[in-house]
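Reviewing the structure listed below.
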Amino acid sequence: MSETDSAKNPYPWRMDDLVSLCARRGFAFPSSEIYGGINGFWDYGPLGVELKNNLKVLWWQRVVRERDDVEGLDSAIICHPRTWEASGHVEHFSDPMVDCRACKKRFRADQLDDAGPCPAREGTSEHDFTDVRRFNLMLKTFIGASEDAAAVAYLRAETCQSIFTDFRRVKDTSRQKIPFGIAQIGKAFRNEINPRNFTFRSREFEQAELEFFIHPGERERWFAHWLEERKRFHRELGFHAGRLRVRPHTSQELAHYANAAADIEFLFPFGWQEIEGVHDRGDWDLRRHTEYSGKDLSVTDEETKERFTPMVIETSVGIDRTALALLVNGYEEQKLPDGETRTLLRLHPAISPIKVAVLPLSKKLGEPAQRLARELRRRYSTFYDESGNIGRRYRRQDEVGTPFCVTYDFESGTDGKVTVRERDAMTQERVSLEGVPAYLQDRLEVVL
Ligand code: GAP
């Protein structure tokens, strides 16, 4: 489905409202903003980096830490250029593009419906397109002082290729046997022709990828296992059931080496879009790297003594896309009975950038409230705010998804209690001061 496909938009707000909230509150905004931004590159501010880190920690927990058959990796962004010849990226990783001779803009040839009118042609609003050409999406750089071809390298277009080139080293050092996986989180770069839809299609983004190496006879079983695991992960994040779906690839969509593939898609305001891919990549990658490096990457089954090249089941999720999907999923403009509107981000507490805000009713109560904030900060990301009216302070926390606000009031000094307010239901409860950490622990440290 293209990004213009109009599945019925279930959101009664405009994407621009969310984009402006993200900039205003420091989730994400254009990179190099003071120079007018740079198309396809985004910076994550104080709240955005917390949100993304929470997501990555949760992924790492589920995919690496909780399993004894997955190892982690943090490889260099720049790999040996032969890597990208072996992977097929140098030859095939391209999109069809056309240029408009009049306005000089570049478009993806498969997305011309979105091109809009040409601003530069007199008497017609139609673009003057060139023929379709292939455009390689890998970002090039040069290593060393000279800019000659010998020094060309690429910023990785996906994080997984080093997993394949490091396969033997990681297997041997971790003493893992097939089946086992290698996982990594990191930046990937693609020179997208048309970056758009906020962070959805960027030129620099983060992926969390798992390559799970298996015996050729077990492809169906492990594909089903990982698809189920990954669906569970997204459900745990709190996506509305009707906004998440799995779309198996048709046989025409499958890469020639792939046995099966499915996308996990989220319903964005701009249509159903992939946030994660689960792929059976067969033995394509290990075979190609064996061929190009001359190093044997096959293994021996210790029991049967069979020699084989492992097959690979891959799960590949975009951190930025999932973060954007979580923001879309949680964003709400709620009409309150008093006629006011409150903006709300219903984020799962595990993902919320701020877990708790401590709000003294008056600046005069600052000292004991600060003491409480200091204590909570040792455990949770805690925000302290003593300025402005309490209603407005609650609203500021609601719109960044803070699940709990703790208000220290004029009674707190005598009855030893504070009011804890919950974000979604706006319920308020009196809790003893010393009971606050346990109260939050019960609600924030739930096993998802
Ligand atoms: N190793 C397999 C691979 O890279 P992919 O479907 O090209 O597969 C996987 O990418 C995920 O990476 C996507 O599901 C998406 O979430 C994310 N992704 C890909 N291109 C992106 C872009 N230009 N901007 C943001 N995220 C992107």
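Given the structure is predicted, the values throughout are model-derived calculations rather than measurements. For ligands, and for the atoms within them, numbers begin at 1 and follow the listed sequence.
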Please classify the [X] to ligand 1 contact at 4.0 Å (heavy-atom distances, strictly less than): side chain, backbone, both or neither.
| X | value |
| --- | --- |
| Ile275 | backbone |
| Glu276 | backbone |
| Arg281 | side chain |

Next on the checklist: For the CD1 atom of Ile264 and the CZ atom of Arg230, what is their distance to the nearest 0.5 Å?
Outcome noted: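 Ile264 CD1 to Arg230 CZ: 6.5 Å, rounded to 0.5 Å.
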Next on the checklist: Nearest 0.5 angstrom please: Arg288 CZ to Ser293 OG, how far?
Outcome noted: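 It comes to 12.0 Å.
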Polar contact flag for [X] and ligand 1 (N/O pairs, less than 3.5 Å):
| X | result |
| --- | --- |
| Gly318 | yes |
| Gln207 | yes |
| Ser202 | yes |
| Cys160 | no |
| Thr199 | no |

Taking [atom] as the reference point, the nearest protein heavy atom with its distance:
| atom | answer |
| --- | --- |
| atom 25 (C) of ligand 1 | Phe200 O, 3.1 Å |
| atom 2 (C) of ligand 1 | Glu314 OE1, 3.0 Å |
| atom 13 (C) of ligand 1 | Glu274 OE2, 3.3 Å |
| atom 19 (C) of ligand 1 | Arg190 NH1, 3.5 Å |
| atom 1 (N) of ligand 1 | Glu209 OE2, 2.5 Å |
| atom 18 (N) of ligand 1 | Phe205 CE1, 3.5 Å |
| atom 9 (C) of ligand 1 | Ser316 OG, 3.0 Å |
| atom 15 (C) of ligand 1 | Arg321 NH1, 3.4 Å |

Checklist entry - Which ligand 1 atoms are under 4.0 Å away from a heavy-atom of Glu158? => result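 Result: 1 (N), 2 (C), 3 (C), 4 (O).
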Can the positive tip of [X] be found less than 6.0 Å from the middle of the six-membered ring of [Y], inside 45° of the ring normal?
| X | Y | answer |
| --- | --- | --- |
| Arg247 | Trp272 | no |
| Arg421 | Tyr394 | yes |
| Arg106 | Phe135 | yes |
| Lys52 | Tyr44 | yes |
| Arg321 | Phe200 | yes |
| Arg203 | Phe205 | no |

Item to check | Contact with ligand 1 for Gln273, non-hydrogen, under 4.0 angstrom | outcome: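 Contact absent.
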Next on the checklist: When you measure from the heavy atoms of Asp320 to every atom of ligand 1, does any distance fall below 4.0 Å?
Outcome noted: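 Checking ligand 1 against Asp320, which is what was asked, there is no heavy-atom contact under 4.0 Å.
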Checklist entry - Which pair of non-hydrogen atoms, one from Gln184 and one from Asp74, has the smallest distance, and what is that distance? => result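 That would be OE1-CA, 3.4 Å.
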Next on the checklist: Can you tell me how the ring of Trp42 sits relative to the ring of Phe198, calling it parallel under 30°, perpendicular over 60° and tilted otherwise?
Outcome noted: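 Perpendicular.
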Next on the checklist: Looking only at side-chain N and O atoms, does Asp263 offer a donor or acceptor that is under 3.5 Å from a partner on His249?
Outcome noted: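 Yes, Asp263 and His249 have a side-chain donor paired with an acceptor closer than 3.5 Å.
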Next on the checklist: I'd like to know if Arg24 and Glu399 make a salt bridge, using a cut-off of under 4.0 Å between side-chain N and carboxylate O.
Outcome noted: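 Yes.
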